[in-house]
Chemist: 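Right, I'll just put the structure down here and ask away after.
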Amino acid sequence: MSERCLTGAEALVLAAANAGVRTCFANPGTTEMPLVAALDRVPGVRAVLGLHENVCTGAADGYARITGQAAMTLLHLGPGLANGLANLHNARRANTPVLNVIGDHASWHLPYDAPLTSDIAALAATVGTVYPVGTALSAASLTRRAIEDAHRLRGVATVIVPADHQQAPAALPARDPWRPAALAQVEAERIDALAARLREAGPKGLLLLGGNALSRAGQLAALRISTATGAALYAETFPARAERGGGLPDVDRLPYFPEVALALLADMDAVAVAGAEPPIAYFGYEDVPSVLTRPGTLVQLARPHEDAEAALLALADRIGGDDVPVPAPAAPEPPGDGEALTGPIVGRAVAAALPEGTIVSVEGGTCGYPFYSASSGAAAHTVLTNTGGAIGQGLPCALGAALAAPDRPVIALQSDGSGLYTAQALWTMARERANVTVLVAANHTYGVLRTELARHGNAEFGPQATALTSLADPQLDWVALAQGFGVPAARATTVRELRGSLTDALAADGPHLIEMAL
Ligand SMILES: Cc1ncc(C[n+]2csc(CCOP(=O)(O)OP(=O)(O)O)c2C)c(N)n1
């Protein structure tokens, strides 16, 4: 590649590569063709085709959750971006850095309002910051700034680049060494104040952990604090990334339903939040408060963009908590071979079978919650959850995680309804030989919606409500679906079958799917 004749598209890709971007999850169109060609001419960025934009954006989220480094997306105009917005929303809620690149019509074509024209910047602004490229000369510098801001602000940065600017001669990207912004440090006064508060609260204190507080070091520091003061430990309800097992304390997630969380937090005199936002009810219910903490009890130790792990280490030192050996949670008890599959049984079976270092992408409550409860005593593993609640995230996130860490096993513990939003992710898993074992909880219903219907006072469901929460007619065949996408698949109805298929899948390379008949 001759640097003297770089195009805007080449300058953009080179600037991304210079800033540590190694993977581009793409679903391009006509307005991105110079960028597609640039991915061949500029070395360093691996292009991965997603068959729906929400696969690309969810994969970029999963990739950066594991590496800490932004991946790039490449999406087609406003409609392509719109298709990818749900998982960009989830990435924003996970505080994940993402470089989101969108092509636009040639600038001179825009005034004619051609069919695919839309307000791309307005759409992109709903999930983060926006960098419109006004000339090829700024393509590289704006891309660099977008990546820096994605890391500094922990979120989605969208670069919009019209097709003519992709083709015009461009300036060379800066060669400044890439140093992603570090998390902001928490001031000593905040830590001192909290130390006093937690000592005073004793067992009526609670530490709520999110962000990098859920690293191994963060949780071990939290354990020292808890041992010294008696404070309880919880993780936020939907952590972006939580280390778990391998001798870590059992830090369960704050309960999802507000009544349960309210009852838990009502007993507390000090709720210290580290690396998460203050706890709020997921939905508003009549006569149930939205704010889950009692007035005057909330203390923010670190916001999500701050270094919660370092703050916890400093707090543990300040409180004087020693590294006392605390008994590790008991190993998960494997269920009996002949047991039928239910959420709790699957949770225990998967937790008991986890190889050391597995990444588990969890989406959906049927097996997701029981697995988390069962996995505290499992081998060391990493859990990724759906932080923003826009379903269709679990499979793409698992795909991105597998490409980020090709040497680690990845399990997608996936409810069937959510999985169908982005089932195309299976095809990319097959094409990229991604080591993902997909476990589908096939209850053939939108289970949580039935729970919510009941909570809204509907003891019995009418035919319409039943139809709107059922996936049973026709019954979806995940084995056939997976095979159609090129992923070998099996069905399990008992623990014995699940265990056998899971062992085989984990031992083999590439993706596998197991439909679990619940
Ligand atoms: C993008 C988006 N669309 C719709 C919903 C509403 N919704 C929440 S859960 C759910 C169904 C979940 O069913 P499934 O994934 O099968 O999980 P289960 O509760 O049965 O384990 C739906 C449609 C949502 N959260 N996000």
Side-chain angles (χ1 to χ4, degrees), residues 52-58 61 81-94 123 126-127 237-238 253 255-258 280-285 341-347 349-350 360-374 383-398 411-426 438-456 458 461 464-478 481-482 492 498 513-518:
H52 187 280
E53 293 82 350
N54 217 28
V55 172
C56 301
T57 51
D61 181 6
L81 171 59
N83 277 344
L85 274 180
N87 274 333
L88 289 173
H89 160 88
N90 288 326
R92 181 174 87 82
R93 290 291 177 182
L123 286 173
T126 62
V127 289
T237 311
F238 293 104
R253 294 149 71 180
Y256 169 81
F257 283 114
I280 298 295
Y282 204 79
F283 289 109
Y285 299 96
L341 298 178
T342 62
I345 294 289
V346 168
V350 176
V360 188
S361 166
V362 174
E363 182 172 45
T366 298
C367 294
Y369 293 116
F371 165 75
Y372 207 90
S373 305
V383 179
L384 314 175
T385 77
N386 182 333
T387 49
I391 60 179
Q393 184 260 1
L395 295 179
C397 189
I411 290 179
L413 188 53
Q414 179 66 53
S415 283
D416 53 357
S418 307
L420 286 165
Y421 284 66
T422 43
Q424 303 94 318
L426 294 171
V438 179
L439 301 178
V440 178
N443 62 2
H444 302 284
T445 56
Y446 283 164
V448 66
L449 295 194
R450 293 209 166 161
T451 308
E452 292 284 1
L453 266 170
R455 279 176 61 88
H456 281 79
N458 306 287
F461 311 147
Q464 312 254 44
T466 302
L468 288 181
T469 53
S470 166
L471 311 177
D473 181 18
Q475 178 113 330
L476 270 147
D477 181 342
W478 275 93
L481 199 66
L498 173 59
L513 182 143
I514 302 165
E515 175 177 326
M516 304 183 295
L518 296 191

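Throughout, numbering of the chain's residues begins at 1 and tracks the sequence. Each ligand, and each atom within it, is numbered from 1 in the order the structure gives.
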Chemist: Looking at non-hydrogen atoms alone, which of Asn90, Thr366, Ile391 comes nearest to atom 26 (N) of ligand 1?
Modeler: Ile391

Chemist: Please determine which of Gln414, Glu363, His89 meets the side chain to side chain contact (heavy atoms under 4.5 Å, CB included) test together with Gln393.
Modeler: Glu363

Chemist: Check ligand 1 against Gly389 and write out every atom of the ligand that is under 4.0 Å from a heavy-atom position of the residue.
Modeler: 24 (C), 25 (N), 26 (N)

Chemist: If you look at every heavy atom in Asp61 and Ala94, which pair is closest and at what distance?
Modeler: OD1-CB, 4.2 Å

Chemist: Looking only at protein heavy atoms, identify the closest one to atom 17 (O) of ligand 1 and say how far it is in Å.
Modeler: Ser415 CB, 3.2 Å

Chemist: Could you list which atoms of ligand 1 come closer than 4.0 Å to a heavy atom of Asn443?
Modeler: 20 (O)

Chemist: With a heavy-atom distance limit of 4.0 Å, tell me whether Leu471 approaches ligand 1 through its side chain, its backbone, both, or neither.
Modeler: neither

Chemist: Quick one: look up the protein heavy atom nearest atom 8 (C) of ligand 1 and list residue, atom name and how far away it is.
Modeler: Leu449 CD2, 4.0 Å

Chemist: State, with a plain yes or no, whether a side-chain heavy atom of Cys367 is found less than 4.5 Å away from one of Met516.
Modeler: yes

Chemist: Numbering the atoms of ligand 1 from 1, which are under 4.0 Å from a heavy atom of Gly365?
Modeler: 21 (O)

Chemist: Have a look at ligand 1 and work out which part of Ser418, if any, has a heavy atom under 4.0 Å from it: side chain, backbone, both or neither.
Modeler: both

Chemist: Considering both backbone and side-chain atoms of Gly364, is one of its nitrogen or oxygen atoms within less than 3.5 Å of a nitrogen or oxygen in ligand 1?
Modeler: no

Chemist: Using heavy atoms and a 4.0 Å limit, tell me yes or no: is Ala441 in contact with ligand 1?
Modeler: no

Chemist: When only distance counts, is Asp416 in polar contact with ligand 1, meaning an N/O pair under 3.5 Å?
Modeler: yes

Chemist: Once rounded to the nearest 0.5 Å, what's the spacing between atom OG1 of Thr57 and atom CG of Asn90?
Modeler: 8.5 Å

Chemist: Does the side chain of Phe371 come within less than 4.5 Å of Val383's, by heavy atoms?
Modeler: yes

Chemist: Distance to the ring centre below 6.0 angstrom and angle to the axis at most 45 degrees; does that hold for Arg93 and Phe238?
Modeler: no

Chemist: With sequence neighbours excluded, give me every side-chain hydrogen bond (donor to acceptor under 3.5 Å, both in side chains) pair touching residues 464-474.
Modeler: Arg450-Thr469

Chemist: I need the atoms of ligand 1 closer than 4.0 Å to a non-hydrogen atom of Gly447, numbered in the order shown.
Modeler: 18 (P), 19 (O), 20 (O)

Chemist: Please identify each residue that fulfils side-chain contact (heavy atoms from CB on, under 4.5 Å) with Tyr285, with sequence neighbours left out.
Modeler: Phe257, Pro258, Phe283, Val288, Glu452, Arg455, His456

Chemist: Would you mind running through ligand 1 and noting each atom that sits below 4.0 Å from a heavy atom of Gly417?
Modeler: 14 (P), 15 (O), 16 (O)

Chemist: Taking the side chain as every heavy atom from C-beta outward, state whether Asp416 and His444 have any pair of such atoms under 4.5 Å apart.
Modeler: yes

Chemist: Quiz question for you: does at least one protein heavy atom lie closer than 4.0 Å to atom 4 (C) of ligand 1?
Modeler: yes

Chemist: Would you mind checking which non-hydrogen protein atom is closest to atom 23 (C) of ligand 1, with the distance to 0.1 Å?
Modeler: Tyr421 OH, 3.5 Å

Chemist: Report yes if some N/O of Val448 lies less than 3.5 Å from some N/O of ligand 1; otherwise report no.
Modeler: yes

Chemist: Calculate, to the nearest 0.5 Å, the distance between atoms CG and CG belonging to Leu513 and Leu395 respectively.
Modeler: 8.0 Å

